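Only one structure is covered here, and it is reproduced in the block below.
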Amino acid sequence: MNHYKTRQQKRKFYDSDEWKLLREEVKKRDNYECQECKRNGYVTIDTNEYSEKAKRKKIQLVVHHIKELKDHPELALDMDNLETLCVNCHNRIHGRVFEPAKPKWDDEKW
């Protein structure tokens, strides 16, 4: 069984043809919609916008491992463990939400 603990091991997995094909199948199954937004009554879809800066399509949707890859490598390619999420929901699930700093005068009492 493969282990996906190091950055290099994860990169090799995410660069594999097998993952890329499965990722597209999952997005298609999920109708190219964020499943977390959908559960909360919103619709977030892939916009197919192009980033001139990055010279590639902007990433709007990702395929998320419900049970994390590093903890459950046996589920790495299990469609039942995968769902389509928008980048914002994916970052929130992984604790990568960055709140803008509030100006100091917002907390001052008048």
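Numbers for residues simply follow the sequence, beginning at 1. Owing to the predicted nature of the structure, the values given are computational and were not obtained by experimental measurement.
- Within a 6.0 Å radius of CG in D71, other residues, nucleotides and ligands contribute more than 12 heavy atoms.
- Here D15 pairs with R11 under the salt bridge (Lys or Arg N to Asp or Glu O under 4.0 Å) rule; sequence neighbours left out.
- Heavy-atom minimum distance, H65 versus A76: NE2-O, 2.9 Å.
- Enclosure of atom NZ in K12 is not indicated, since only 12 or fewer non-hydrogen atoms of other residues, nucleotides or ligands lie within 6.0 angstrom.
- Through direct or relayed side-chain contacts under 4.5 Å between Ile, Leu, Val, Met, Phe, Trp and Tyr, V43 connects to I45.
- Hydrophobic clustering, defined by side-chain heavy atoms of Ile, Leu, Val, Met, Phe, Trp and Tyr closer than 4.5 Å, leaves Y42 isolated from every other such residue.
- By the 4.5 Å heavy-atom criterion applied to side chains, L85 and I93 are counted as neighbours.
- Under the side chain to side chain contact (heavy atoms under 4.5 Å, CB included) criterion, R23 pairs with W19, K20, K27, V63, sequence neighbours left out.
- For R29 (side chain) and M79 (main-chain N/O), a donor-acceptor pair under 3.5 Å exists by modelled atom type.
- Atoms CG and CG, on L69 and L82 in that order, are 9.5 Å from each other to the nearest 0.5 Å.
- In the hydrophobic clustering (ILVMFWY side chains linked at under 4.5 Å, chained through shared members), L61 is joined by Y32.
- By the salt bridge (Lys or Arg N to Asp or Glu O under 4.0 Å) test, E18 is found to be paired with no residue, residues two or more places apart in sequence or in another chain being considered.
- With sequence neighbours left out, L75 forms a side chain to side chain contact (heavy atoms under 4.5 Å, CB included) with K67, H72, D78, N81.
- Judged as a salt bridge (charged side-chain N to carboxylate O under 4.0 Å, His left out), the pairs with a partner in residues 30-42 (not counting sequence neighbours) are, in order, E33-K38, E36-R39, R39-E83.
- Residues that satisfy the side chain to side chain donor-acceptor pair (under 3.5 Å) test with H90, not counting sequence neighbours, are H64, H94, R96.
- Here OH of Y4 is found 15.5 Å from NZ of K70. Values are rounded to the nearest 0.5 Å.
- A heavy-atom distance below 4.5 Å is not found between the side chains of T84 and V62.
- Q8 pairs by the side chain to side chain contact (heavy atoms under 4.5 Å, CB included) definition with T6, not counting sequence neighbours.
- Under the side chain to side chain donor-acceptor pair (under 3.5 Å) criterion, N31 pairs with no residue at all, not counting sequence neighbours.
- Among residues two or more places apart in sequence or in another chain, the salt bridge (Lys or Arg N to Asp or Glu O under 4.0 Å) test is passed with E25 by none.
- Pairing each heavy atom of C34 with each of C86, the nearest pair is SG-N, 3.2 Å.
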Apply the test side-chain contact (heavy atoms from CB on, under 4.5 Å) to residues T44 and Q60: give CA-CA distance (whole Å), side-chain angles for both, the deciding distance (0.1 Å), then the verdict. CA-CA 9 Å; T44 303; Q60 302 291 330; 6.0 Å; no
